[in-house]
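Mind looking over this structure? Questions follow.
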Amino acid sequence: MMRTAETMQRVKDIILIAALTLLIAAVLVLACGASPAEAMQLFIQGIFRNRQSVAEIFVKACPLILTGVGCAVAFQAGFFNIGAEGQFYLGALVGTAVSLSLPLQGPVNILLALVCGFLAGGLLALIAALLKSTFNISEIIVTIMLNYIVINFLGYAVRTFLKDPEGNVPQSAKIDPASQLLPIITSTRFHAGILIAIIAALIMWFLMSRTTIGYELKAVGFNQRAAQVGGISVAKNIIRCAFLSGGLAGIAGVIEVIAIQKKLLEGISASCGYTAVLIALIAGNHPLGALIAALIYATVQVGTGSMQRQLGVPNAIVNILIGAVVLLILGRKLLHLETYGFLKRKKEAK
Amino acid sequence: MSQLFTLSFFTAFLAAAVRLAVPLIYAGLGETIAEKAGVINIGMEGVMLDGAFFSFAGAWYSGSLAVGLLCGIAGGVLMSVLHGVICIVLAQDQTVSGLAINMFALGLTSFLFKLMSQGQSYQQVETFETYAIPGLSKIPLIGAAFFEKDILCYLLYILLILFTIFYKRTDLGLSHIAVGEAPHAAESAGIPVHLFQWTALLVNGVLGGIGGAYLVLVQLGVFTENMISGRGYIALAAVILGRHMPLGMFAAALLFGLANALQIRLQTIGVSVSPYLLAILPYAMTLLAMLGAAGRSSRPESLGKPYVRGSR
Amino acid sequence: MEEILRMEHITKRFGEFYANRDINLSVLKGEVHTLLGENGAGKSTLMNILFGLYQPSGGQIFLHGKPVAIDSPATAVKLGIGMVHQHFMLVEAMTVFENIILGDRNTKGIFIDRNARRKEILELSERYNLDVELDKPITEIAVGAQQRVEILKALYRGAELLVLDEPTAALTDIEVEGLFRIMKKLVGEGKSIIFISHKMREVMQISDRITILRAGETVRTVERGETTGEELAGLMIGRELAPSHYAKVTKPGAAVVSLHDVDYQKKSKHNGLNGVTLEVGRGEILGIAGVDGNGQSQLAQLVTGVIAPEGGSVDMKGSRVATFSPNGFILENVSHIPEDRNKMGLIGNMSVMENILLKETGDPRFSDAGGWHLKRKAMRTYAEQMQQKYDIRCTSVAQESRNLSGGNQQKVILARELENHPDLLVAVHPTRGLDIGATRFVHDTMISARDAGCGVLLISADFDEILEMSDRIIVIFEGKIMGEYPGSNPPIDQISLAMAGK
């Protein structure tokens, strides 16, 4: 009985939040002087225009899935990793360096780049995990500072040791075609990295729900003290989840380089590391939820892209909407009529 | 390298440090006040960004600095009220709320700025003038750095002193500290906990808003997307380093100002290190300072824990 | 005599649950009025309504005959109601003086006039014999002194009606005598006191009138002179309850754990251990008696590996313990019923099943692939067996443990900690906050663990529990062992004195 009532409430909340989000979107479109109906039409057309545009959803979702799932795992264990952005870039940087410096091209090169990117992202997150578990320093501030440090370091790298010796622009040399992740659906950009992202999400789901590792991570996240009394090492689990979480972001960086950009340059994350935080929150820190949330977000991105091109509606609208969704989830009690009934009764009592 | 060590170098260097620190100190003071009341606002970045954008828009459309400042304050307050509804009224997770506010503010300001500019670039708005304080501004080394400033900077000095007295000497200050330390004890002593938390958050929004507005109305005269670039988080770090007291936070924020000023100075005198590496300096220093201050926690006992009446 | 407070038909509902239903209470000027009832009888809810922390769902409060609405503690304070909560409401980071003046608004100006207020407080403290050191931080004064600070705080705010919520729970017998003297002085000066307790002896000693609550409803109000302790107990519980008598063990088996001269933060009176030597044998219950906050928490954490001693040594089943970690002790087959169910015992957001198996996930019965992959079906079957065996009332084993009642939560912990036949069980306040039925269940379970050869270290601030359960009793005071006494026919007076450090 209780459960069905709760589920009903949840479904109602989701519908209400979705409706409100649409309403906010409509208001924003109106504010741009465009017609919401037309915008909606363009939005849907933008998504389903052709196979390229549908494939583009997956291309955009790929880094978000990896970073979002990574954040979800970390948050589930109570480690607020806001550093996916930096971990993404460090992964991209190291992956590029490995790919370019290896004499050998082909699948081995790809594999090594991915592994090194994973390690780089993981180790970066590990710094914050160690500082948190040994000195109790806020991981939020540490990971943010590391983001800025890595981003500036990347700026340095593409102008110096990783700079394409043949060009004058701040970017690396091109990845050898044999070591790129190529499209696997013809005439689209749907590349093999997308499969890696989806498989990673499935693995993380399995890890969190079906293994002792996930069990311990969750226990630490929900109640550190009780987990510790129950014989579970808190430090070990924080380090574990940080490494996994950073590693996934690192892989996302490598894939972005070797599948999409084909070279390392600045700004390639498109802030996906920060978006990932909100995606994980919307998903309730569930890995498969994060997969779905990332796909929805990418769909909205593709749709608003076409709105921006044709109606001049700025695509910053996506940031407003995702922020608003998290705020609405947090504030969902305000959507329940009982809340106001309670207030009314309180006033009458006075 | 000899020009590194002249008096005029130090004076200019210190002046730059103070200039860079003022927005941090405003935000840091706002955050100190919120945290003293037990509410942590990770969304300070968003509060500042809102303050920066709305102050620019206000000053642009009205042509008045005062209107711009008021708009900036309103923008900051808007975000902290949002935070208050979620954290105080609904007792939700303060960290999550703060992160969402940052993203929301980033989207909102970028969106509105694009609407405003329609793609063309903006001219600068007029900025606040500086007034040298007679006498004080003539003190060697620190005079020009601290006492040849704008009115908002002087207001900040006054606020720092007032809040220090507030916490150390007044009844209300004592109550305010009690709210963050032990809200149940405070409530049972007749202190309206939620009222104190709301007031603290409003002040947080006002000061964070001014912090953002300061960048636009005093320093740059323009708004750019995501222009706060981590200052909100550095302010959070300054609060921790300053042991949750206004003057301590002031010193910590000044330290970041110094690191940043040093970085800029080194670039302008043409030190042969990449500006990108130098730009790492203030962030790296924040990390090192956090490490140095580790273990000496001064955080209010109930920071970040929502207070619900009657619960334990 | 004049009636100072009348609460009429007070009802408080939480969802479908009535915490208070149609309660009536009348308190006269200058009397000690006792509210008597078991845990969960609705005493705290009623007092939280009186103090403005809860709003009643129905009913009316009258002060001095006038109807009042108390919407916040601030209003309650203004109306002359003072409350001393069972868990003291003191700001630990502040001094006694700061705590007393905190939030007081009957002053002019915004600055703290320390001298004037100090004089005022000293006058009050002399008048009522409330002896406190004003400039000490709260953390440095004893529990009894903290209570005096609370009373002084209420009087300083002009309280006419004082609510004392289980004020004797944390006090030694001698401190209780002192408190009663203060209470008599207060009512002698015309104040009124609502005294909350479930200790019959104290109730019969101090009360003028007694109102008994049971299951959220008023049973009756009686004059002290017209009743007896037995009658009150019957009214409170609602049925006759034969006292349980467990057979005592006099010859325990070999030592499971022994501590030799163990120190931990020995300078701290409330949170340290100083030269503790003791031994728990197989098949016996060693009871640690003492007032809360005399090093019991540290003792419990030490014998479960959460903290390591700073001096001395610990032997487990005959061999010296080298490294202290909770996991190491769990592997040594040590079980733990922690002092705080919600903070240390259970993971509230996880299911009953997951909590029952918290320590077992690596066991081949519940995971394969080298203890890596969970066998969910086996886990569920096992959890359901435990649900039956320990009579855990929940909708299913998938229910989140935070939604269970206190008694059922404790049963989840028992199922986890006792099912594997531990060599040592460390039980800290195992029945705190439980009703009589659940308490009996916990006690029976512990006794059968003992009879199966488990050594039990029982740490409790409930003296009756210690007397009922222990085969041997050790008294701890300020981190030191004050003496050891037999469990059968224990010298109660001597033990009481030892608990007060005499």
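Only heavy atoms go into these numbers, but all of them, side chains included; no hydrogens, no water, no symmetry mates. Letters A, B, ... mirror the listed sequences (proteins, then strands); counts begin at 1.
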Checklist entry - Which atom names give the shortest non-hydrogen contact between A:Ala219 and C:Leu358, and what distance separates them? => result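 Closest approach of A:Ala219 to C:Leu358, heavy atoms only: CB-CD1, 4.2 Å.
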Item to check | Contacting moiety of C:Ile347, where chain A heavy atoms sit under 4.5 Å | outcome: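 When you check distances to chain A, atoms from both the backbone and side chain of C:Ile347 fall under 4.5 Å.
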Next on the checklist: Within residues 273-293 of chain A, which residues come under 4.5 Å of chain C, heavy atom to heavy atom?
Outcome noted: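 The list, in residue order, is empty: none.
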Checklist entry - Between CZ of A:Arg225 and CE of C:Met344, what distance do you get to the nearest 0.5 Å? => result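 Here the interatomic distance stands at 4.5 Å.
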Item to check | Nearest-0.5 Å distance, OG of residue C:Ser325 to CD of residue A:Gln228 | outcome: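 Rounded to the nearest 0.5 Å, the OG-CD separation comes out at 9.5 Å.
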Checklist entry - Between CD of C:Glu354 and CZ of A:Phe222, what distance do you get to the nearest 0.5 Å? => result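 C:Glu354 atom CD to A:Phe222 atom CZ measures 8.0 Å (nearest 0.5 Å).
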Checklist entry - Where do A:Leu207 and C:Trp372 come nearest, in terms of heavy atoms and distance? => result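 In terms of heavy atoms, the two residues are closest at CD1-CZ2, 3.9 Å.
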Checklist entry - In terms of the angle between their ring planes, are A:Phe206 and C:His373 parallel, tilted or perpendicular, with boundaries placed at 30° and 60°? => result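 Because their plane-to-plane angle is under 30°, the rings of A:Phe206 and C:His373 count as parallel.
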Item to check | Contacts of residues 114-122 of chain A with chain C (heavy atom under 4.5 Å) | outcome: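 Expected list: none.
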Item to check | Heavy-atom closest contact (C:Met379 atom, A:Tyr215 atom, distance) | outcome: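 So the minimum-distance heavy-atom pair works out to CE-CE1, 4.3 Å.
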Checklist entry - Within residues 409-418 of chain C, which positions have a heavy-atom distance to chain A below 4.5 Å? => result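 Near chain A, by residue number: none.
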Checklist entry - With side chains defined as the heavy atoms from C-beta onward, is the minimum distance between A:Thr212 and C:Phe366 less than 4.5 Å? => result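 Heavy-atom side-chain distance check fails, nothing below 4.5 Å.
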Next on the checklist: For C:Arg393, is the CZ atom crowded, meaning more than 12 foreign heavy atoms sit under 6.0 Å from it?
Outcome noted: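 Count not over threshold, so no.
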Checklist entry - Where on A:Ser209 is there a heavy atom nearer than 4.5 Å to chain C: the side chain, the backbone, both, or neither? => result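 Only the backbone of A:Ser209 comes within 4.5 Å of chain C.
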Checklist entry - At a heavy-atom separation under 4.5 Å, does C:Thr304 approach chain A through its side chain, its backbone, both, or neither? => result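 No part of it gets close to chain A.
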Checklist entry - Do you know which of C:Ile70, C:Leu374, C:Asn327, C:Leu331 has the most heavy-atom pairs with chain A at a distance under 4.5 angstrom? => result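 Greatest number of close heavy-atom pairs with chain A: C:Leu374.
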Next on the checklist: Between A:Asn223 and C:Gly348 (side chain of the first, backbone of the second, donor and acceptor by atom type, cut-off under 3.5 Å), is there such a pair?
Outcome noted: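 It does not hold such a pair.
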Next on the checklist: Applying a heavy-atom distance below 4.5 Å, give me the residues of residues 332-340 of chain C that approach chain A, sorted by number.
Outcome noted: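 Within residues 332-340 of chain C, near chain A: C:His336, C:Pro338.
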